[in-house]
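Numbers here simply count residues along the sequence, with the first being 1. The structure presented is a predicted model; accordingly, all values stated were derived computationally and were not measured.
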Amino acid sequence: LKARPHVLSVPLDAVEGIGTSAEQAYIVRDGIVHLMSVTTGLETPTRIEIVSGLQNGDIVIVGRHNGLSDGERVNAEPAAYESTGSPNPH
């Protein structure tokens, strides 16, 4: 397999519905939650490529998404295992 530089990827638990036609990710912009439809590509044991639907620098919500609503106001904090909580180009 070939290396794929500059690929946008996020932690696996940032995407819901992986492998279905309803893949989605929650992002935070200006303290407001937005539910985004995404298209995914390759995945590793911990990360998944985002082909479309997110931009580099978007703040993604990782972990359980139960109780989140599109349009809800939140105070986003970086996850302990991510340096910024943002998608990382690899």
When you compare the side chain of [Y] with that of [X], does any pair of heavy atoms fall below 4.5 Å?
X: Val60; Y: Leu54; result: yes
X: Glu72; Y: Ile32; result: no
X: Asp58; Y: Arg29; result: yes
X: His65; Y: Glu16; result: yes
X: Leu12; Y: Val62; result: no
X: Ile48; Y: Val10; result: yes
X: Val15; Y: Gln24; result: no
X: Val33; Y: Arg73; result: no

I need the [X] [atom1] to [Y] [atom2] distance, nearest 0.5 Å.
X: Leu42; Y: Glu49; atom1: CG; atom2: CD; answer: 5.0 Å
X: Ile61; Y: Asp13; atom1: CD1; atom2: CG; answer: 11.5 Å
X: Tyr26; Y: Leu35; atom1: OH; atom2: CG; answer: 5.0 Å
X: Asn56; Y: Ile50; atom1: CG; atom2: CD1; answer: 12.0 Å

Closest non-hydrogen atom pair, Gly41 against Val51
N-CG2, 3.7 Å
Looking only at heavy atoms, the pair that brings Ile59 and Ala76 closest together is CG2-CB, 4.4 Å
Set of residues satisfying side-chain hydrogen bond (donor to acceptor under 3.5 Å, both in side chains) with respect to Glu23, sequence neighbours excluded
Thr40
